[in-house]
2 protein chains.
Amino acid sequence: MSRTKARVTLLQEVEEAMRRSSAQGVLYGQTVANVAGIANSDLECMDILYLEGRVTAGRLAEVTGLTTGAITGVVDRLEKAGLVRRERDETDRRKVFIAVVPEKAMKIGELYVPMQQAMEKVWSAYSDEELRLLLRFATEGYKGVLAATAALKGLLDAPPEKRPDLKLKKRPRQT
Amino acid sequence: MSRTKARVTLLQEVEEAMRRSSAQGVLYGQTVANVAGIANSDLECMDILYLEGRVTAGRLAEVTGLTTGAITGVVDRLEKAGLVRRERDETDRRKVFIAVVPEKAMKIGELYVPMQQAMEKVWSAYSDEELRLLLRFATEGYKGVLAATAALKGLLDAPPEKRPDLKLKKRPRQT
DNA sequence: ATATATATCTTAGCCACTAAGAGATTTAGC
DNA sequence: GCTAAATCTCTTAGTGGCTAAGATATATAT
């Protein structure tokens, strides 16, 4: 694959476009939380529950990067809102599974309709083959970002002289 | 464009893959903020400043959906960290432009290197033509999400019976 | 059996956020 | 030009979600 000037420019354009759209995606999420009247983290957990199904409180902490204490708060609020249910694991009674309550959770799902419609509209202009390319890209991109996240976390444990020393505030908790 | 079962499945797969990768992108951002030792919103503002250049405090509030009071806090912290500078507009002395301090901001930029490398690796496998498709998609996707965000916000002002009444907590501020 | 590990919850304190309004400057109406 | 309204940022008080540390309950290992 050549590295002509044109290609470098193209790569930069792709990067910026991706960055913009992903930033706007974040804002959409914030708006959803806003309209639903729940905290951002609460919505994020609902999303994880939607993608992964029934998961333990501990796993929510792991995936979101929040402490278990914070997750207790999240689940308390979601449970009070009727969006999820706590279910003790009968084979290991320390564990608490969090399960969505589909009827209530659907109301949250409805807030994604504008987004889905917008995306539907965009996608409808692409052929099956083009969509497969996008799917491949999204899948590979996910793996890439996952690896990058791990690499970045690695910097925290790396020898101090190797990481950009920003000295902004006391070194925070390392997720 | 046909709507065969295969295509519907394909669309769903694309949607889920996009959702996953974008969720992971959010987590990457959180990790960056974490490593840099600055708040999430602070980083988001740095990102906007990078994309838009020199902008007013008010515009930061607009774009992020935060109140102007919150932005004051963000800019205070960023300024103290030396990442940005406040510059009063001489033609309209009410306005305050926020400008990045490139030398310091670069240190933040370095934290995106793992991400850029990962993306570079992904993109390197695509031809120029394929990249142009991705660019087109990202650009259209951005516009779509932007419109969807506006539509969702519209729900807030819509007749109450039209919006999913979630009754979770007191109706929050509408960005 | 006792000790150690694991999973969740509790508590105290912190910090970013909102809401409301003050201060400073500009624009509009007369 | 002068006053009133509008615009832009900052200030203040109060709220709520978050972390850190440790308590509680259950499971596993020696």
Side-chain angles (χ1 to χ4, degrees), chain A residues 27 30-31 33-46 54-81 84-99 156 168-175, chain B residues 27 30-31 33-46 54-81 84-99 156 168-175:
Chain A
L27 278 177
Q30 282 179 8
T31 308
N34 225 3
V35 175
I38 63 179
N40 244 296
S41 300
D42 299 13
L43 183 63
E44 192 190 347
C45 286
M46 287 300 294
R54 189 161 161 273
V55 303
T56 65
R59 172 131 183 89
L60 279 183
E62 211 174 275
V63 176
T64 57
L66 297 176
T67 60
T68 61
I71 292 297
T72 300
V74 169
V75 177
D76 282 351
R77 289 189 297 272
L78 291 179
E79 193 171 41
K80 194 154 81 180
V84 306
R85 236 193 328 260
R86 276 183 166 93
E87 295 174 356
R88 276 225 113 82
D89 183 352
E90 287 308 324
T91 75
D92 181 346
R93 297 188 43 72
R94 291 169 305 180
K95 289 187 187 169
V96 172
F97 280 106
I98 317 299
L156 278 173
L168 296 186
K169 66 178 182 186
K170 69 172 189 295
R171 187 69 56 185
R173 153 192 73 95
Q174 62 185 75
T175 307
Chain B
L27 278 178
Q30 282 177 8
T31 308
N34 225 4
V35 174
I38 64 179
N40 242 297
S41 301
D42 299 12
L43 183 64
E44 191 190 347
C45 286
M46 287 300 294
R54 190 162 159 272
V55 302
T56 65
R59 171 130 185 91
L60 279 183
E62 212 175 275
V63 176
T64 57
L66 297 177
T67 60
T68 61
I71 292 297
T72 299
V74 169
V75 177
D76 282 351
R77 289 189 297 271
L78 291 179
E79 194 171 39
K80 194 154 79 180
V84 305
R85 235 192 329 257
R86 277 184 167 93
E87 296 175 355
R88 276 223 112 83
D89 183 352
E90 287 308 324
T91 76
D92 181 346
R93 298 187 43 73
R94 291 168 305 179
K95 290 186 188 169
V96 172
F97 279 107
I98 317 299
L156 278 174
L168 296 187
K169 66 178 180 184
K170 69 173 190 296
R171 186 69 57 186
R173 154 192 73 94
Q174 61 185 75
T175 307

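For the side chain to side chain contact (heavy atoms under 4.5 Å, CB included) with Ile38(A), the lone residue among Asp42(A), Asn40(A), Val35(A), Asn34(A) that qualifies is Asp42(A).
Atom CG in Asp89(B) sits about 9 Å away from atom P in dT26(C), given to the nearest Å. Whole-Å rounding puts the Arg93(A) CZ to dT28(D) P distance at 14 Å. One can place CZ of Arg77(A) at 14 Å from C1' of dC9(C), the figure rounded to the nearest angstrom. With rounding to whole Å, Glu90(B) atom CD is found 11 Å from dT25(C) atom P. One atom, CD1 of Ile38(A), and another, P of dC18(D), lie 12 Å apart when rounded to the nearest Å. A straight line from CG of Asn40(B) to C1' of dT19(D) spans 15 Å, rounded to a whole angstrom. Rounded to whole Å, the distance from CG on Asp76(B) to C1' on dC10(D) is 9 Å.
When each of Gly73(A) and Gly69(B) is assigned the nucleotide of DNA chain D bearing its nearest heavy atom, the one mapping closer to the 5' terminus is Gly69(B). In terms of position on DNA chain D, the residue among Ala70(A) and Thr91(A) whose nearest nucleotide sits closer to the 5' end is Ala70(A).
For Glu79(A) (side chain) and Arg86(A) (main-chain N/O), a donor-acceptor pair under 3.5 Å exists by modelled atom type.
With a 4.5 Å cut-off on side-chain heavy atoms, Leu66(B) and Glu44(B) do not count as touching. Residues Val84(A) and Met46(A) have side chains in contact (heavy-atom distance under 4.5 Å, counting atoms from C-beta outward).
For Arg93(A), the salt bridge (Lys or Arg N to Asp or Glu O under 4.0 Å) partners at least two apart in sequence or on another chain are Glu90(A).
For the atom pair CG (Asp76(A)) and CD1 (Ile71(A)), the distance works out to 11.0 Å, reported to the nearest 0.5 Å.
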Measure all distances between protein nitrogen or oxygen atoms and nitrogen or oxygen atoms of nucleotides 7-9 of chain D, and list the pairs falling under 3.5 Å.
from   : atom 1 : to       : atom 2 : distance (Å)
dT7(D) : O4'    : Arg94(B) : NH1    : 3.4
dT7(D) : O2     : Arg94(B) : NH1    : 2.8
dT9(D) : OP1    : Ala57(B) : N      : 3.4
dT9(D) : OP1    : Val96(B) : N      : 3.3
dT9(D) : OP2    : Gly58(B) : N      : 2.7

